[in-house]
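Reading through the structure tokens given below for one structure.
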Amino acid sequence: MTYNITLIRGDGIGPEVIDSAKEVIEATGVPVEWDIVEAGNIAMQEHGNPLPASVIDSIRDNKVAFKGPITTPVGKGFRSANVRLRQELDLFANIRPIKSFKGVDSLHQDVDFVIIRENTEDLYAGIEHMVGEDAAESIKIITRKASERICKFAFELARAQCRRKLTLVHKANIMKLSDGLFLECGKKYAKLYDDILFEDVIVDAMSMKLVQFPQDYDIIVAPNLYGDILSDLSAGLIGGLGLAAGANVGHDMAVFEPIHGSALDIAGKGIANPTSAILSGIMMLRHIGESGPAERMEQALDKVFENKDNRTPDLGGNLRTEEFTQKVIDKMIG
Ligand code: NAI
């Protein structure tokens, strides 16, 4: 059986890391027919729309997509194609595993937790306007429906992965209504999943605790913005954005992508770390039921990292993306 998977290579370092992960996936022997589509700036230039209907249709048909990062203009220009994609396909849960690699120099070792970020609302609802010339308003939307389903999803994942604790992050001391509602929904599900230890932590304190004691966490559930910020912070704990995978999951569709952006500062130089993309590919293979090949990819990465010479520049080494990719493939088939 051949899997049909939508492929969005993205821009910046997107094509470099996605091509690397694609090569590794193909080296496992899992048969994939890639449906290649464009989004972001390239699509904007070609179709006048950063997220053409063809992209949405392809993902609706295939149910699974593998995606590279897409640049979003800052302060002006088109609305984020990433945010639109998640909203239009109702990919309500963003799963971001944070796991340290043995042997990779990082602020912490033995880190293993998962951030579950609500993916469709909060300040990302995209509702903002000027109030006169000297003030601007962005509206933060938190609904019971979205909060309940993400909290339920997080508890389910905790059970499925045999994790013991769930930490809900909020700022309900200040945003008593919006974050208060998110917290209320978390507490509701905490009663229904009483085999999982539940705690809630205010986002500022959580930032400090994560930096000091990341080993204390198992599953973290957060509204969109806090989840976004905390996941980059968490990537920093284990060696950086080059090591953190992600999946956007809805009821019957999923889009797998590294958590990092298009990294324009290193784009085109052939030095991006493809590990986040490879890890996202591993999550994708597990999602489609190809656990064996996923396991082999994971073991190959571990073996590559055992040798301190096998590092891209972000981790202090001098391997190029292609060289690193080849080493992973060699370990997998060797
Ligand atoms: P970024 O994640 O692209 O880069 C932050 C820093 O991390 C840079 O110094 C970069 O070189 C480094 N870095 C990131 N990934 C790396 C990798 N695989 N290997 C080595 N170094 C890596 O964040 P930034 O610069 O804030 O965003 C750039 C653009 O990406 C923006 O337009 C942003 O909107 C977009 N973006 C897109 C995302 C997506 O498509 N899902 C997610 C995050 C940002």
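Remember, it's 1-based here, ligands and their atoms both numbered in the order they're listed. The first residue in the sequence is number 1, and the count goes up from there.
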Fill in the blank from the handout: d(K209 NZ, D204 CG) to nearest 0.5 Å is 11.0 Å
Fill in the blank from the handout: Output for pair (T312 OG1, E323 CD), nearest 0.5 Å, gives 10.5 Å
Handout entry: Min side-chain heavy-atom separation I282-L301 under 4.5 Å
Key = yes
Practice task
Quick one: list whatever passes ring pair (Phe, Tyr, Trp, His ring centres under 6.0 Å) with Y217, sequence neighbours left out.
Solution key: none
When the side chains of residues 6-14 are checked against the rest of the protein, which donor-acceptor pairs come out under 3.5 Å, sequence neighbours left out?
residue, atom, partner, partner atom, Å
T6, OG1, S58, O, 3.3
T6, OG1, S58, OG, 2.6
T6, OG1, N62, ND2, 2.9
R9, NE, D19, OD1, 3.0
R9, NH2, D19, OD2, 2.7
D11, OD1, T71, N, 2.9
D11, OD1, T71, OG1, 2.6
D11, OD2, T71, N, 3.3

Please tabulate, for the side chains in residues 241-258, all donor-acceptor contacts under 3.5 angstrom to protein atoms that are two or more places apart in sequence or on a different chain.
residue, atom, partner, partner atom, Å
N248, OD1, R86, NE, 3.2
N248, OD1, N94, ND2, 3.3
N248, OD1, N119, ND2, 2.9
N248, ND2, V255, O, 3.2
N248, ND2, E257, OE2, 2.9
E257, OE1, K67, NZ, 2.6
E257, OE2, R86, NH2, 2.7

Practice task
Could you please provide the protein residues found below 4.0 Å of ligand 1 on a heavy-atom basis, arranged by chain and number?
Solution key: I13, K67, P69, I70, T71, T72, N82, R86, L241, G242, E257, I259, H260, G261, S262, A263, D265, I266, A272, N273, D314
